[in-house]
Number of protein chains: 2
Amino acid sequence: MRWEELDQQPCSLARALSVVGDRWTLVILRDCFLGVRRFDDFEARLGITRHILSDRLKKLLDAGVLEKRPYQERPRRDEYRLTVKGRDLYPVILSLVHWGDRYMADDRGPPIRHRHRGCGHRMRGVLVCSECGDDLHPRDVEVEESPAWEGQLMPRKRSQSQD
Amino acid sequence: MRWEELDQQPCSLARALSVVGDRWTLVILRDCFLGVRRFDDFEARLGITRHILSDRLKKLLDAGVLEKRPYQERPRRDEYRLTVKGRDLYPVILSLVHWGDRYMADDRGPPIRHRHRGCGHRMRGVLVCSECGDDLHPRDVEVEESPAWEGQLMPRKRSQSQD
DNA sequence: CAAGCCAAGTTCCAAAAAAGAACCCTGAAG
DNA sequence: CTTCAGGGTTCTTTTTTGGAACTTGGCTTG
């Protein structure tokens, strides 16, 4: 399968990755969440080539994850800002950050800490069930195919141990 | 910056992406969470070349996200399984799936539904504060540099509107 | 008024990674 | 002793990146 076909797969993960699944897009978005908005600032912070940066920003605009807004006229300059669609990627970013904090930190510990303004504490993001509020673990989640894709999604069964 | 240098960046997101940030790794892991464990099954389901699949599985083993376990002797055969480190990527995967469900679904709706065994309801994963349990939104989270990286992480300030 | 400068990109070329297909190895099984 | 299954590796062609230089429009400075 070629990368461009990924957004036609019957899988929301594959489709999401067709937007944010390449090597640089999520680091660009991390900077967006930190308040970076201008081309040169992205370039300076990311150490990414202008070529690739330009291409990725364009794709994020096309995908509706970022939008351009003028911050001055004459000369016209635009900055890149997260849309609502883009802001909704926050759980993805924060989950990745906490995974990195846990498994990839060196002896100096995690480089960034998060504090929740609501309660004032240092915290992590935790994934919970939208209905009952309990923590979610993979084994507690049952997946069902939507009838529209009957038979195309799930792995064929092998006799397999449950651990 | 070259891709291989990403794991030395003082940023947990960059380090996490040095493991799972390429085009195929997260789709491979999605299948792991669905119970796929064998080379040929991955190949058949993913439509990925054997070459790349082999390379990615090897990298996931090196990273400690997957492990090989024998499921028979004579001839010896191994399967790939998630480690605890790998299972801890579940929030990332589920967040991406729900983002895809919301923004990338076609008229047939999301291909897969999730049910929480704990409460029996169809649900989404929601990100909440580990301390107070409230929903997390980017604006409610304040980031602080750890003293060990003073000055290397945050964007330099520009006078900028807050929206 | 020419010479720079800044933000925001493009263009061009060489190097690296991915796609696609064919081939290899090991240990049964017929 | 030929075939098959599982689990890869090799080879060649396309695509993507990396790196650096060039462009464009409008200030600004001497």
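We name chains A, B, ... by the order of the sequence lines, and we start the count at 1 in each one. Since the model is a prediction, treat every value here as computed from it, not as a measurement.
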*Provide, to the nearest angstrom, the distance between the CG atom belonging to Asp78(A) and the C1' atom belonging to dA7(C).*
11 Å
Could you list the protein-to-nucleotides 12-15 of chain D atom pairs, N/O on both sides, closer than 3.5 Å?
none

*Non-neighbouring partners of Arg115(B) that pass side-chain hydrogen bond (donor to acceptor under 3.5 Å, both in side chains), sequence neighbours left out*: Glu144(A)
*Checking side-chain hydrogen bond (donor to acceptor under 3.5 Å, both in side chains) against Glu142(A), which of His114(B), His116(B), Arg117(B) comes through?*
Arg117(B)
*Taking OP1 and OP2 of dT17(D), is either one under 4.0 Å from a side-chain nitrogen or oxygen of Arg23(B)?*
yes
*Could you list the residues that satisfy salt bridge (Lys or Arg N to Asp or Glu O under 4.0 Å) with Glu131(B), not counting sequence neighbours?*
none
*Take the protein atom CZ of Phe39(A) and the nucleotide atom P of dT24(D), then report the distance between them rounded to whole Å.*
17 Å
*Atom pair distance, as rounded to whole Å: CD in Glu43(A) and P in dA20(D)*: 12 Å
*salt bridge (Lys or Arg N to Asp or Glu O under 4.0 Å) partners of Lys59(B), counting only residues at least two apart*: Asp55(B)
*Give the rounded distance in Å between these two atoms: CD1 of Ile48(A) and P of dA20(D).*
15 Å
*Calculate the interatomic distance between Gln72(A) atom CD and dG26(D) atom P; express it in whole Å.*
12 Å
*Apply salt bridge (Lys or Arg N to Asp or Glu O under 4.0 Å) to Asp78(A) and list each qualifying residue two or more places apart in sequence or on a separate chain.*
Arg76(A)
*Considering residues at least two apart in sequence or located in another chain, which fulfil the salt bridge (Lys or Arg N to Asp or Glu O under 4.0 Å) criterion with Asp135(B)?*
none
*Check the distance between dG20(C)'s P and Leu46(B)'s CG and give it to me in whole angstrom.*
14 Å
*For Tyr103(A), which residues count as a side-chain hydrogen bond (donor to acceptor under 3.5 Å, both in side chains) partner, sequence neighbours excluded?*
Asp88(B)
Residues 89-101 of chain A, side-chain donor-acceptor partners within the protein, below 3.5 Å, at least two apart:
residue, atom, partner, partner atom, Å
Ser95(A), OG, Pro91(A), O, 2.6
His98(A), NE2, Gly125(A), N, 3.1
Trp99(A), NE1, Lys85(B), O, 2.9
Asp101(A), OD1, Ser12(B), OG, 2.4

*Hey, are Glu43(B) and Arg50(B) close enough for a salt bridge, meaning a charged N less than 4.0 Å from a carboxylate O?*
yes
*Give a yes/no on whether any side-chain N or O of Lys68(B) is located under 4.0 angstrom from OP1 or OP2 of dG6(D).*
no
Which side-chain N or O atoms in residues 18-29 of chain A pair as donor and acceptor under 3.5 Å with protein atoms at least two apart or in another chain?
residue, atom, partner, partner atom, Å
Ser18(A), OG, Arg15(A), O, 2.6
Asp22(A), OD1, Thr25(A), N, 3.4
Asp22(A), OD1, Thr25(A), OG1, 2.2
Asp22(A), OD2, Trp24(A), N, 3.0
Asp22(A), OD2, Arg56(A), NE, 2.8
Asp22(A), OD2, Arg56(A), NH2, 3.2

*Of all of residues 53-63 of chain B, which get a heavy atom below 4.0 angstrom from DNA chain D, listed by number?*
Ser54(B), Lys58(B)
*Any side-chain N or O of Tyr80(B) under 4.0 Å from OP1/OP2 of dG6(D)?*
no
*Send over the distance from Asp41(A) CG to dA8(C) C1', rounded to a whole Å.*
12 Å
*Non-neighbouring partners of Arg113(A) that pass side-chain hydrogen bond (donor to acceptor under 3.5 Å, both in side chains), sequence neighbours left out*: none
Close N or O pairs between protein and nucleotides 21-30 of chain C (under 3.5 Å):
residue, atom, partner, partner atom, Å
dA28(C), OP1, Arg74(B), O, 3.4

*OP1 or OP2 of dA17(C) sitting under 4.0 Å from any side-chain N/O of Trp24(B)?*
no
